[in-house]
Novice: 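What follows is a single structure, and I will ask about it in a moment.
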Amino acid sequence: MNNTELIKKGLPKRYRREKRFRLYGMMAVMVGFIFLLILLTDIISKSLPAFSQHWIQLEVQFDPDVLGVAADAEGKALRHANYRAILKRAIRAEFPDVSKRRDKSKLAALISSSAEYELRDMLIEQPYLLGKAKTVWVRADDDLDTYYKTADKANAVRLTEKQIAWADRLQENNLIESRFNSTLFSDGDSREPEQAGIRGALVGSLYTLLVTLLLSFPLGVSTAVYLEEFAPKNRWVDLIEVNINNLAAVPSIVFGLLGLAVFINYFGLPRSAPLVGGLVLTLMTLPTIIIASRSAIKAVPPSIRQAALGIGASKTQTVFQHVLPLAMPGILTGTIIGLAQALGETAPLLMIGMVAFIVDIPQGFVDSATVLPVQIYLWADSPERAFVAKTSAAILVLLIFLVVMNGLAVFLRKKFERSW
Amino acid sequence: MNATTLLVVIIGLTVFGYVIGRMRSIKVSQGTGGPSSLHSLPKYYGYMVALWCGIPALILLVLWLVLEPGILRSLLLDELPTTMSTLSENELSLVMNDLQLLADSGRIDAETDPHKKAAAIKLLELNSTSELMRNVLIFLVALNGIIWGLANVKIDMRARVFVERIIRYLLILCSLVAILTTIGIVLSVLFESIRFFKSVPITDFIFGTEWSPQTAIRADQVGSSGAFGAIPLFAGTLLISAIALIIAVPTGLMSAIYLSEYASRRFRAVAKPLLEILAGIPTVVYGFFAALTVAPFIRKFGESIGLNVASESALAAGVVMGIMIIPFVSSLSDDVISAVPKAMRDGAYGMGATQSETIRQVLIPAALPGIVGGILLAASRAIGETMIVVMAAGLAANLTVNPLQAVTTVTVQIVTLLTGDQEFDSPKTLAAFALGLMLFVTTLVLNVIALHIVRKYREQYE
């Protein structure tokens with residue numbers, strides 16, 4: 001048997017191995033896709049319940065005696081009236097057969113605690129309602145809401161049997177209605193899932209990102225311009241370069257420690273403020289922006305510089321009037337990608353106290369605030385079942401923002417990219 | 001007028017300085033034959049005046065904001081009764097806070113303690129004097145800058161050269177921020193760590209096998225001795241990172257090979273960005289996924305085959321972290337594989353090797369240093385990853401290599417120690433900085449080695 005025959009004999013085996021290897025590669029790519037698919041479907045399917053909210057129809061009697069106010073009370077006097085009592089009466093009127101004290105309070109627990117404040121605001125706005133009856137819609141408590149939303153009714157553990165019977169009766173009498181949950185987008189955080197929204201976190205994220213953008217863009221671009229165009233080749237500049245590359249790989253939580261020790265403990269800036277969050281995220285995104293800006297500047301061909309210098313522009317004029325405008329699409333793409341990273345960052349912000357429970361929507365850069373990813377973290381920790389859906393919905397909003405930002409970056413690159 | 005308004009005023013004055021400087025230069029040039037007789041374009045004279053106006057004023061403002069609290073405080077201390085000056089630092093800062101609140105609230109009435117009342121009134125007085133002084137001084141400096149700048153607008157003044165020199169200094173200043181950040185990180189974690197090692201010996205920290213950072217508040221309290229042995233944390237971190245790498249390295253490497261060697265151009269154009277999405281998803285999302293989907297799934301699956309799985313198993317956190325770093329490994333490997341010269345491939349094909357033989361026996365050995373560098377970078381990413389482990393790994397420091405049990409990691413402990421109520425001097429909070437130092441040093445060393453290997457490897461083929 002000569003060599004050719006030997007090789008021929010081995011060929012089928014080698015081709016089989018070739019095919020197997022190729023299959024492994026295909027499988028590895030597929031594993032990535034499958035994980036991505038599972039992750040996204042899991043989050044989307046979990047988030048769906050959060051976009052609707054059940055409301056209960058009640059016939060409320062604004063009885064001054066029950067409210068504990070005078071028959072002609074107005075304004076301030078109405079502020080501290082007992083709205084809980086009229087709510088309780090209203091729901092009891094629907095279920096006249098409930099008589100035990102414990103059952104009564106269980107019955108009242110079906111209504112969200114936010115209903116009192118809604119009635120209060122309604123009465124203060126329309127004082128003529130005092131002494132009259134009105135049909136109002138109030139939010140259902142999250143336990144009841146979750147009960148209606150779960151297909152698997154047997155496991156809706158948080159309601160008692162009696163409460164389930166009442167819930168079914170409400171549904172039979174058409175006193176319950178599912179609506180779009182606008183609270184999710186219009187309100188701040190709350191301990192009660194049916195009243196919790198992401199508005200506060202979104203505004204906090206906006207302020208934080210604004211600080212990050214205003215600081216990191218000029219700083220990053222200036223550094224890149226200096227290193228690419230002006231810096232002499234010496235050890236000092238090498239040190240800066242190595243430094244930037246290493247900073248890009250420092251774990252984000254370490255930046256949080258820096259923020260805590262320097263900005264909060266040393267400079268005494270306020271905890272939980274978007275200003276400090278923005279400062280920390282600036283330091284974190286700077287390497288990304290610098291590296292992207294440098295490669296954008298490097299991509300501008302030397303002929304542009306030579307032409308500008310040739311007609312008498314100074315070095316600075318060349319850089320700022322010719323090179324930078326041509327590199328700008330690349331720089332902006334890098335900046336947007338850096339900001340998208342900053343938007344999704346959680347760990348360093350935990351260190352500087354942005355994990356506080358904050359109901360109010362922040363009004364400025366030094367107000368206590370939280371950001372969207374931290375809100376997700378906080379809600380993910382909450383025991384109420386309804387918060388799982390809220391968390392997924394918040395994640396969905398965050399992902400949409402990231403998709404839009406990255407899409408913008410891709411668009412910029414495609415639209416303005418020039419090949420020289 | 002608060003600091004923000006003042007800033008706006010300074011900016012306004014600077015813009016005004018630009019306009020007036022430009023006009024002035026044109027006017028100056030009129031006697032000698034128009035703007036072309038100037039050394040620089042008129043706008044550079046504008047910039048010059050603007051810089052003279054803005055920069056000194058801004059520097060002064062920053063200095064004022066940094067130094068003001070300390071000076072005011074010492075001035076106020078002189079006012080306070082002498083008993084106060086013997087108070088400890090902490091008590092003093094409480095008193096100061098109290099006074100600040102009192103002054104801010106504006107509710108100083110007959111009921112307040114006379115000492116406090118006097119001090120609060122003094123504080124208000126000092127505050128308003130300081131603010132007035134600041135505003136007047138800065139305004140004057142800015143105005144003076146404009147005047148000085150205008151006086152310098154002459155035909156032969158080299159305004160462009162001046163402006164360009166300042167711009168260059170500003171650029172250098174900006175590039176120093178990166179250095180300052182590193183110094184800041186090193187100093188902040190180092191100083192707090194040194195303070196920590198004063199109360200807990202460094203050997204106990206690095207070689208101790210018991211971790212329970214709850215120190216007793218009262219001396220007679222039971223069960224909270226406070227042990228700071230970090231070995232269980234290091235072991236937990238390594239365990240979870242190892243699981244992540246076991247998932248990510250083969251998958252990432254194989255998908256890089258498939259995408260760069262086998263896949264058609266069209267498939268590659270779709271598949272690569274899709275995989276990159278995995279890298280763009282925020283870690284808090286992965287944490288949620290790990291804690292609420294993967295961990296229960298692993299637990300149920302384990303129970304169905306008769307295994308006892310902790311609800312916060314290291315496996316769940318590790319697997320999800322592995323998914324997260326797949327694109328990271330994949331894109332790094334892709335880079336190094338495509339850097340292998342075509343001649344080596346062609347040589348192997350010429351010898352009759354199949355494509356997989358070429359990859360396994362030529363490309364991978366040639367690209368090995370780069371791949372190892374990439375794996376090290378991925379490992380440093382896994383060690384420093386925080387949110388996934390905070391949400392999906394446990395808090396109890398178990399020293400175990402069983403991936404089905406709950407372990408805790410360095411980053412989890414940093415977050416736990418620093419997010420509760422904290423008193424800054426207790427060993428409990430300082431321990432977080434010592435852990436941060438360990439984390440920083442480890443990731444730094446890994447990165448330096450990895451970058452070095454990758455660079456060496458690139459040079460080999462260039």
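We name chains A, B, ... by the order of the sequence lines, and we start the count at 1 in each one.
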Novice: Check each atom of A/Val374 against the heavy atoms of chain B and say whether the ones under 4.5 Å are side chain, backbone, both or neither.
Specialist: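 Neither part.
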
Novice: Can you tell me which portion of B/Thr443 sits under 4.5 Å from chain A's heavy atoms? Options are side chain, backbone, both or neither.
Specialist: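 Answer is side chain: those atoms of B/Thr443 sit under 4.5 Å from chain A.
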
Novice: Between B/Ile257 and chain A, which part of the residue has a heavy atom less than 4.5 Å away: side chain, backbone, both or neither?
Specialist: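 Just its side chain gets close to chain A.
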
Novice: Could you tell me which portion of A/Ile43 (side chain, backbone, both or neither) has an atom closer than 4.5 angstrom to a non-hydrogen atom of chain B?
Specialist: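 For A/Ile43, the contact with chain B is made by the side chain alone.
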
Novice: Where does B/Ile167 contact chain A at under 4.5 Å (heavy atoms): side chain, backbone, both or neither?
Specialist: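 Contact with chain A: side chain only.
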
Novice: Please identify, among A/Ala380, A/Pro287, A/Ala249, the residue contributing the most non-hydrogen atom pairs under 4.5 Å to chain B.
Specialist: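 Of the candidates given, the most pairs with chain B belong to A/Ala249.
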
Novice: In terms of heavy-atom contacts, does NZ of A/Lys315 have more than 12 from other residues, nucleotides or ligands at under 6.0 Å?
Specialist: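 More than 12 within 6.0 Å, yes.
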
Novice: Pick one of side chain, backbone, both or neither for B/Val390, based on which atoms fall under 4.5 Å of a heavy atom in chain A.
Specialist: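 For B/Val390, the side chain is the part near chain A, not the backbone.
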
Novice: Looking at B/Thr283, B/Val320, B/Leu437, B/Leu292, which makes the most heavy-atom pairs under 4.5 Å with chain A?
Specialist: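 Sorted descending by pairs with chain A, the first entry is B/Leu292.
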
Novice: What part of B/Tyr286 is in contact with chain A, defined as an atom under 4.5 angstrom from a non-hydrogen atom: side chain, backbone, both or neither?
Specialist: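 Just its side chain gets close to chain A.
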
Novice: Is B/Arg381 positioned over the aromatic face of B/Phe328, cation under 6.0 angstrom from the ring centre and no more than 45 degrees off axis?
Specialist: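 Ring-cation test returns yes.
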
Novice: Heavy-atom cut-off 4.5 Å, strictly under: side chain, backbone, both or neither for B/Ala178 against chain A?
Specialist: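 Both backbone and side chain.
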
Novice: Is it the side chain or the backbone of A/Leu247 that comes within 4.5 Å of chain B heavy atoms, both, or neither?
Specialist: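 The side chain, not the backbone.
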
Novice: Just so I understand: if I count every heavy-atom pair under 4.5 Å between each of B/Gly287, B/Gly384, B/Ser175 and chain A, which residue has the most?
Specialist: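 Highest number of heavy-atom pairs under 4.5 Å: B/Ser175.
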
Novice: Output, in order, the C-alpha distance, side-chain angles, deciding distance and verdict of side chain to side chain donor-acceptor pair (under 3.5 Å) for B/Thr354 and B/Glu357.
Specialist: CA-CA 5 Å; B/Thr354 63; B/Glu357 283 162 352; 3.3 Å; yes

Novice: Is it true that, when you exclude A/Phe401 itself, more than 12 heavy atoms of the residues, nucleotides or ligands shown sit nearer than 6.0 Å to its CZ?
Specialist: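 For A/Phe401, atom CZ is not crowded (no more than 12 foreign heavy atoms under 6.0 Å).
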
Novice: Do the rings of B/Tyr258 and B/Phe267 sit parallel, tilted or perpendicular, given the 30° and 60° boundaries?
Specialist: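 Plane angle over 60°, so perpendicular.
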
Novice: Say you draw a straight line from CZ of B/Phe433 to CZ of B/Arg195; how long is it, rounded to the nearest 0.5 Å?
Specialist: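 Interatomic distance, B/Phe433 CZ to B/Arg195 CZ, rounded to 0.5 Å: 9.0 Å.
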
Novice: Checking heavy atoms, do the side chain of B/Leu451, its backbone, both or neither come under 4.5 Å from chain A?
Specialist: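 The side chain, not the backbone.
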
Novice: Can you tell me how far the OH atom of A/Tyr377 sits from the CE atom of B/Met391, to the nearest 0.5 Å?
Specialist: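 So the gap between those two atoms works out to 7.5 Å.
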
Novice: If you measure from the Lys or Arg side-chain nitrogens to the Asp or Glu carboxylate oxygens, is any gap between A/Arg14 and A/Glu18 under 4.0 Å?
Specialist: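 No, A/Arg14 and A/Glu18 are not salt-bridged.
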
Novice: Are the charged groups of B/Arg268 and B/Glu261 less than 4.0 angstrom apart, N to O?
Specialist: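 So B/Arg268 does not pair with B/Glu261 through a salt bridge.
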
Novice: Quick check on the interface: out of A/Leu39, A/Leu343, A/Ile376, who has the most heavy-atom pairs with chain B under 4.5 Å?
Specialist: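 Answer, by heavy-atom pair count under 4.5 Å with chain B: A/Leu39.
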
Novice: Do you know which of A/Val262, A/Leu286, A/Val31, A/Asn246 has the most heavy-atom pairs with chain B at a distance under 4.5 angstrom?
Specialist: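 Result: the option with the highest number of such pairs is A/Asn246.
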
Novice: Measuring heavy-atom distances to chain B, does A/Ile240 have an atom under 4.5 Å in its side chain, in its backbone, in both, or in neither?
Specialist: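 Interface part for A/Ile240: both.
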
Novice: Could you look at B/Leu176 and say if it's the side chain, the backbone, both or neither that has a heavy atom under 4.5 Å from chain A?
Specialist: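 Only the side chain of B/Leu176 comes within 4.5 Å of chain A.
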
Novice: Has B/Ser356 got a side-chain atom pairing as donor or acceptor with A/Phe21's backbone, closer than 3.5 angstrom?
Specialist: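 Such a contact is absent between B/Ser356 side chain and A/Phe21 backbone.
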
Novice: If we only count heavy atoms from C-beta on, is the B/Leu278 to B/Ile323 side-chain gap below 4.5 Å?
Specialist: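 Side chain of B/Leu278 against side chain of B/Ile323, heavy atoms only: contact under 4.5 Å found.
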
Novice: Any idea which of A/Ala340, A/Ser314, A/Pro373, A/Gly353 has the most non-hydrogen atom pairs under 4.5 angstrom with chain B?
Specialist: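 Most pairs with chain B among the choices: A/Ser314.
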
Novice: Tell me, for A/Leu219 versus chain B, whether the close heavy atoms (under 4.5 Å) come from the side chain, the backbone, both or neither.
Specialist: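 Both backbone and side chain.
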
Novice: Tell me, side chain or backbone of A/Gln341 under 4.5 Å from chain B's heavy atoms, or both, or neither?
Specialist: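 Contact with chain B: none, neither part.
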
Novice: Pick one of side chain, backbone, both or neither for A/Tyr266, based on which atoms fall under 4.5 Å of a heavy atom in chain B.
Specialist: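 A/Tyr266 has no heavy atom closer than 4.5 Å to chain B.
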
Novice: Under a 4.5 Å heavy-atom cut-off, does chain A meet the side chain of B/Leu173, its backbone, both or neither?
Specialist: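 Neither part.
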
Novice: Side chain, backbone, both or neither: which part of A/Lys46 has an atom under 4.5 Å from a heavy atom of chain B?
Specialist: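 Contact with chain B: side chain only.
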
Novice: Using a 4.5 angstrom heavy-atom cutoff, name the option from A/Val237, A/Thr391, A/Val410 with the most pairs to chain B.
Specialist: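 Highest number of pairs under 4.5 Å: A/Thr391.
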
Novice: Is chain B contacted by the side chain of A/Leu398, its backbone, both, or neither, given a heavy-atom distance below 4.5 Å?
Specialist: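 It is the side chain, since no backbone atom gets that close.
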
Novice: How many angstroms lie between CG in A/Leu40 and CD1 in A/Ile395, if you round to the nearest 0.5 Å?
Specialist: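 These two atoms lie 10.5 Å from each other.
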
Novice: Heavy-atom distance under 4.5 Å to chain B: side chain of A/Leu350, backbone, both or neither?
Specialist: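 Contact with chain B is through both the backbone and side chain of A/Leu350.
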
